[in-house]
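All remarks here apply to the structure that follows.
Below, chains carry the letters A, B, ... as their sequence lines are ordered, and counting in each starts from 1. None of the values given here were measured: they were computed from a predicted structure.
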Amino acid sequence: MVAADAEGGGVIRPLGEQGRRLRALPGLPSDDGHDAGSAIRVPDLAAAVRSLEAAERPRWVWADARRVYPALLAAGVRVSRCHDVALTENLLLGADGRHGEPRRVEAAYARLHGLPVPGDPHEPSGAHPAGGTQASLFEPAAPRPDAAAEAGMVAEVFGDQLRRIARTPDPGRFRLLVAAESAGALIAAEMGHDGMPWREDVHDALLTELLGPRPAHGMRPAKLQALADEVAAAFGHPVNPDSPQQIVRAFKSVGIEVPSARSHVLKSVDHPAVAPLLAYKELARLYSFHGWTWAAQWVSGNRFRPEYVVGGVVSGRWATSGGGALQIPKVMRRVVVADEGWTLVVADAAQLEPRVLAALSGDRGLARAAGEIDLYAALAQAFGGARESAKIAMLSAMYGGTSGDAPKLLAVMRQRFPKAYAFVEDAARAGEEGRLVRSWLGRTCPPPSERWRRLVTGPEGARAARDRGRFTRNFVVQATAAEWALTLLAVLRGLLRELAGGPARLVFFQHDEVMVHCPLDLAGEVREAVGRAAEEATRLLFGDTAVRFPMEAVAVTCYADAK
DNA sequence: TAACGGAGCGCC
DNA sequence: AAAGGGCGCTCCGTTA
């Protein structure tokens, strides 16, 4: 079912068999004279979606959930499932090594018909650096087409996308990826709408405790100013502690050479300015990043409402385009408190990435270890008995680490877990040679930039190649981990909707961690749902595997108590 | 005045 | 404890 919105109304266009039934539905005009093709104009899109959702739970096909869904949520309408054309276009373009090309439905339609593509930067070189999807996320806004025209485009591009999906190396997996990504679009919009519980009074008290009272505009909070004064006194002259350059120069003026002003560098410097400087850095970040100004913009009604960007990271992890939801300092967790009579169910996947590697590579030995709750402990024996050695070996394999004991431990890994070792080595080799790698479900890494291609043949070539090898080595694992987490989230959302009329709400998702806000008496069932969702995600991705993906959920009143 | 890159640091 | 990769955001300081 295609839905497109417009000022004061919208268009619904049935697809396939559902369309014939649609016309008999009450509450929708069967023919109001504005029927373009099979498109039906409706005066109130939200009401029309609500009635269709109740009647037959279609898969809604729309240009971009971010365009359509927030208005539906505002009208109190939620849907079960959708196909997000823009996100799918992004995945399909990526699969062809065409990261960064415009992904909006207008662009997809234009490409399909050989027309000029709106929003295409058409710069042949250097336009799409590896790691940059920004161009596709913030395309110049083309004029919105009429809703009926948009519905037509969406229907046509959708059909084309289904054909392109069928031509991918593994259509079954790619379909799952598209479904999960689209579910993510719904969840992101819903989480932005519902918001995460955020006690404004607790936040203010915390800031006041750490920084002093909220300062007048343009002033530093009292405790920050006091620390800045201490720094100045230690150097004998004013130094802006927010300026790394000034800090380095100030140390030079007292005969201390530091390569940078980073905290870990300053920690080993013996000078009276160091202590207040380190304290200042920590508090200043809190003040500017998650202080009163931030709260005024992102917190309202005791809810933190960030803007999530599904697929905003090339690996498929989410990003945010505001609010910094994925970088909330741990000290702020005490501000996240369940409503009266409600609770927060918090769960994170333990040792997700090594488990993903075990499943991805089909390494039986590693999979056996990944059948245990503590994977690293299970591996310890293979690495000389130390759990820590096993951990270093796995992390080095997945991230391309070479320092310390890594080479020795990787040699052990190569011998004991040859398939897992070969899997990440192959990914690294592909990256070094400029090739593409794909996740388990078919998300594709960006191709190397023109700049990289020039660099790799030059004197710095070996380094450039190694860097990209580390990126692709990590990509296959991180992107598959993101797929598992997203699938879990989609399944969990479905389970929560079935629970007691659906009051439980997903309110936070951070790579491998989820938070549900629910009435106290549902805590047990929600915790159970998290476990079931983890099992179902594992089955959907990897079928019958020995690898376990433990997801322990705890119910807490305050986020800070979750760990 | 606006735009931009670098530095720095929070999260996973 | 840390190595590795990925981000967002804010500040500074320079350039257009």
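Taking CZ of A/F174 as the reference point, atom CZ of A/R443 lies at 8.5 Å (rounded to 0.5 Å). How far CG of A/N474 is from OH of A/Y399: 6.0 Å, rounded to the nearest 0.5 Å. Between A/E190 atom CD and A/L506 atom CG the span is 8.0 Å, to the nearest 0.5 Å. With rounding to the nearest 0.5 Å, the separation of CG in A/N90 from CZ in A/R104 is 13.5 Å.
Atom CG of A/N474 is separated from atom P of C/dA3 by 15 Å (rounded to the nearest Å). A straight line from CE of A/M398 to P of C/dG6 spans 15 Å, rounded to a whole angstrom. If you measure from atom CG of A/L352 to atom C1' of C/dG5, you get 15 Å, rounded to the nearest angstrom. Between the OH atom of A/Y287 and the P atom of C/dT10 there is a distance of 13 Å, given to the nearest Å. Per the geometry, CH2 belonging to A/W318 stands 17 Å off P belonging to C/dC7, to the nearest Å. As a whole-Å value, the separation of A/Q297 CD from C/dG8 C1' is 13 Å. Rounding to whole angstrom units, CG of residue A/L395 and C1' of C/dA1 are separated by 12 Å. Rounded to an integer number of Å, the gap from CZ of A/F509 to C1' of C/dC7 is 14 Å.
Using a cutoff of 4.0 Å between basic side-chain nitrogens and carboxylate oxygens, A/R66 and A/D84 are not scored as salt-bridged.
Side-chain rings of A/F304 and A/W294 approach one another, their centers coming within less than 6.0 Å. Residues A/W484 and A/F542 keep their aromatic ring centres 6.0 Å or farther apart. The six-membered or imidazole ring of A/H517 lies away from that of A/F508, with a centre-to-centre distance of 6.0 Å or more.
Within the 4.0 angstrom heavy-atom criterion, only backbone atoms of the sugar-phosphate kind lie near A/R262; the bases stay farther away. Heavy atoms of A/R333 sit under 4.0 angstrom from primed sugar atoms or phosphate atoms, though from no base atom. Using a 4.0 Å heavy-atom cutoff across all strands shown, A/S396 reaches no nucleic acid atom at all. No engagement by A/L286 is indicated, since no non-hydrogen atom pair under 4.0 Å with the nucleic acid exists. Contact annotation for A/A261: backbone-only contact, meaning every heavy-atom pair under 4.0 Å involves sugar-phosphate atoms and none involves a base.
In 5' to 3' order, the nucleotides of DNA chain B bounding all contacts with chain A (an atom under 4.0 Å from a heavy atom) are B/dA7 to B/dC12.
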Please report the C-alpha distance between A/R214 and A/D204 in whole Å, then the side-chain angles of each, then the deciding distance to 0.1 Å, and finally whether the salt bridge (charged side-chain N to carboxylate O under 4.0 Å, His left out) criterion is met. CA-CA 8 Å; A/R214 182 176 190 175; A/D204 180 68; over 6 Å; no

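At a cut-off of 3.5 angstrom, counting only N and O atoms as typed in the model, there is no donor on one side facing an acceptor on the other between the side-chain of A/Q478 and the base of C/dG6.
Contact annotation: the side chain of A/E89 never approaches that of A/P102 to less than 4.5 Å [non-hydrogen atoms, C-beta and beyond]. Under the 4.5 Å side-chain criterion, counting only non-hydrogen atoms from C-beta, A/M191 is in contact with A/W318.
Proximity note for A/R317 (side chain, C-beta onward) versus C/dG5, C/dA2, C/dG8: the nearest is C/dG5. For A/R285, whose side chain is taken as the heavy atoms from C-beta onward, the closest listed nucleotide among C/dA2, C/dG8, C/dG6 is C/dG8. For A/F289, taking side-chain heavy atoms from C-beta onward, the closest of the listed nucleotides C/dG6, C/dA3, C/dC9 is C/dC9.
When atom types are taken as modelled, the side chain of A/K223 and the backbone of A/E209 share a donor-acceptor pair closer than 3.5 angstrom.
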I'd like to compare against my own output: the B/S/- annotation of nucleotides 11-16 of chain C with a strict under-4.0 Å heavy-atom distance to protein. SSS---

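Using a 4.0 Å cut-off on heavy atoms, none of the residues of residues 405-442 of chain A approach DNA chain C.
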